[in-house]
Amino acid sequence: MKRFLEKGAPILIIIILCILVLVWALGGFLAGTFAGGSILIGGVFFLIGLAVIAALIVTLVRRIKEIDDEDKDDLSKY
């Protein structure tokens, strides 16, 4: 159960952050293209959002691998 909670919390946080970033990116895209701006400005918002989501997913994969490789005695070293 503890392993599930250790892996579940980062996954839940990343999902919430990805949703927030996606809403921001789509909002920026729609505001940039339809509110008198150009499609270039909207595209920049969207690409930045996609880059942030990709970085979040890479960080999540690294964290999951770190949790799997973690030694139970790791904290006793400090």
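All heavy atoms count here, side chains included; hydrogens, waters and symmetry mates do not. No experiment lies behind these values; they were computed from the predicted model shown.
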Q: Verify the cluster assignment for F45 and L47: are they in a single hydrophobic cluster under the rule of side-chain heavy atoms below 4.5 Å apart?
A: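 F45 and L47: separate clusters.
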Q: List, by chain and number, the other hydrophobic cluster members for L20, where Ile, Leu, Val, Met, Phe, Trp and Tyr join if side-chain heavy atoms come within less than 4.5 Å, directly or indirectly.
A: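 Noted: L20 shares its cluster with L12, I16.
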To the nearest 0.5 Å, what is the distance between [atom1] ([X]) and [atom2] ([Y])?
X   : Y   : atom1 : atom2 : answer
I15 : I57 : CD1   : CD1   : 10.0 Å
R63 : D68 : CZ    : CG    : 10.0 Å
F29 : L22 : CZ    : CG    : 12.0 Å

Q) Looking only at heavy atoms, what is the nearest atom pair of A25 and G49, with distance? A)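 Minimum heavy-atom contact is CB-CA, 3.9 Å.
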Q: Evaluate whether atom CD1 of I39 has more than 12 neighbouring non-hydrogen atoms of other residues, nucleotides or ligands under 6.0 angstrom away.
A: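 No, not enclosed.
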Is there side-chain contact between [X] and [Y], with at least one heavy-atom pair below 4.5 Å?
X   : Y   : value
W24 : I48 : yes
L60 : L56 : no
I11 : I64 : yes

